[in-house]
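These numbers come from a predicted model, not from an experiment. Starting from 1, each residue takes its place in the sequence as its number. Below, all heavy atoms of this structure are taken into account, side chains as well, without hydrogens, waters or symmetry copies.
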Amino acid sequence: MDQNLLLLVIMCTAMLFVILLALIALCIDKAKYNKKFSFLEKCVENGVEINPNLLLDRGKKNLSSKATLKTMLLNRLSGGVIFLLTGIGSLYWSILGHFKDIPFLSSIALIAVGIGLLIWYFMGKKMLAEDIKEEEQTLQQLHHKKR
C-alpha cells in the first residue's frame with residue numbers, strides 16, 4: 001500500500017511540475033505580448049510610423065526560409081505524435097512487467113508532453129488559420145517574382 005501511495009505522489013508531483021512549466025511559459029508569453037502592446041500604444045500616441053515586422057517574433061526571419069507558421073505547426077504535430085507513441089510504447093512494456101517504477105513514470109510524462117504538443121498544434125491551427133493563409137499568399141508572390 002505504501003509503495004502505491006509513493007507512486008501516486010510521484011506521479012502527481014510530475015504532473016504538477018509539467019503544469020507549472022506550462023503556466024510559466026504562458027506568463028512569459030503574456031509578458032512579451034504586453035510589452036509589445038505598450039510599445040505599440042506609445043507609438044500610436046506619439047504618431048510614429050510602425051514597421052509591423054518589429055512586432056512579430058519572426059520579424060527578422062526571411063519569409064522564403066523554411067521557418068513558416070505552417071512548418072512550425074507541423075513540427076509540433078510530429079513531435080506530439082512521436083512523444084505520444086513513445087510514451088504509449090514504454091507504458092505498454094512497463095505494464096507487461098519488463099520495467100519498474102521509473103520507466104512507468106517517464107512513460108506517463110512522455111504521454112503528457114505528447115498530448116500537450118498535440119493540443120498546442122490543434123489550437124495553433126485554429127488560431128493562426130488566417131495568418132497561415134496570408135503567409136502562403138506572400139510566399140506564392142515571392143515565388144512568382146523569382147521566376
Side-chain angles (χ1 to χ4, degrees), residues 1-41 43 50-147:
M1 185 70 179
D2 292 330
Q3 193 176 22
N4 289 337
L5 182 63
L6 178 64
L7 184 62
L8 181 65
V9 168
I10 291 172
M11 285 177 34
C12 290
T13 304
M15 291 304 235
L16 286 174
F17 182 70
V18 170
I19 290 170
L20 181 66
L21 287 177
L23 287 174
I24 289 172
L26 286 174
C27 289
I28 289 172
D29 284 346
K30 187 175 180 180
K32 285 181 184 178
Y33 175 79
N34 288 339
K35 193 174 187 180
K36 288 179 185 180
F37 182 78
S38 65
F39 171 74
L40 180 62
E41 192 175 39
C43 289
I50 303 161
N51 182 359
N53 289 333
L54 293 175
L55 300 174
L56 299 174
D57 288 335
R58 302 174 308 101
K60 295 180 182 177
K61 293 181 182 175
N62 186 0
L63 276 178
S64 63
S65 71
K66 298 290 182 190
T68 62
L69 288 173
K70 193 172 188 175
T71 57
M72 288 171 21
L73 282 175
L74 288 174
N75 287 340
R76 288 192 184 117
L77 175 66
S78 63
V81 169
I82 289 170
F83 275 105
L84 187 63
L85 292 177
T86 305
I88 290 171
S90 62
L91 181 65
Y92 173 74
W93 282 105
S94 66
I95 288 173
L96 288 179
H98 295 285
F99 296 125
K100 296 297 176 195
D101 293 337
I102 300 299
F104 177 76
L105 295 176
S106 63
S107 66
I108 298 296
L110 287 171
I111 291 171
V113 170
I115 291 171
L117 284 172
L118 290 175
I119 290 171
W120 194 352
Y121 165 75
F122 287 113
M123 285 179 56
K125 186 178 174 183
K126 266 187 185 176
M127 292 172 54
L128 298 173
E130 293 177 12
D131 294 335
I132 289 172
K133 285 180 184 176
E134 289 176 13
E135 194 172 68
E136 285 177 352
Q137 289 174 353
T138 306
L139 287 172
Q140 287 176 355
Q141 289 173 356
L142 286 173
H143 183 67
H144 289 297
K145 284 182 182 179
K146 287 182 180 179
R147 287 186 172 183

- Side chains of Ile111 and Leu84: does their closest heavy-atom pair fall under 4.5 Å? yes

- Give me the one residue out of Leu110, Ile108, Thr86, Leu96 that meets side-chain contact (heavy atoms from CB on, under 4.5 Å) with Leu91. Ile108

- For Ser107 against Ser90, the heavy-atom pair lying closest together: CB-OG, 2.8 Å

- Side-chain touch Leu40/Lys36, heavy atoms, less than 4.5 angstrom: no

- Note on the structure: Heavy-atom closest pair (Lys70 atom, Glu136 atom, distance to 0.1 Å) is NZ-OE2, 3.1 Å

- Item | Gap between atom CE of Met123 and atom CG of Leu128 - 0.5 Å precision | 10.0 Å

- Message: Leu118 vs Leu77, test: side chain to side chain contact (heavy atoms under 4.5 Å, CB included). Steps then yes/no.
- Response: CA-CA 6 Å; Leu118 290 175; Leu77 175 66; 3.7 Å; yes

- Item | Reported OG-to-CZ distance for the pair Ser78 and Phe83, which is rounded to 0.5 angstrom | 10.0 Å

- Message: Just checking Tyr121: does its OH atom have more than 12 heavy atoms from other residues, nucleotides or ligands closer to it than 6.0 angstrom?
- Response: yes

- Report the distance from atom CG of Leu105 to atom CE of Met15, rounding to the nearest 0.5 Å. 10.5 Å

- Query: Counting only heavy atoms not in Glu41, do more than 12 fall under 6.0 Å of its CD?
  - Reply: yes

- Query: What is the distance from atom CG of Leu21 to atom CG of Leu26, rounded to the nearest 0.5 Å?
  - Reply: 11.0 Å

- Looking at CG of Asn34 and CG of Asp29, how far apart are the two atoms once the value is rounded to the nearest 0.5 Å? 11.0 Å

- Query: Can you tell me how far the CD1 atom of Ile132 sits from the CD atom of Gln137, to the nearest 0.5 Å?
  - Reply: 12.5 Å

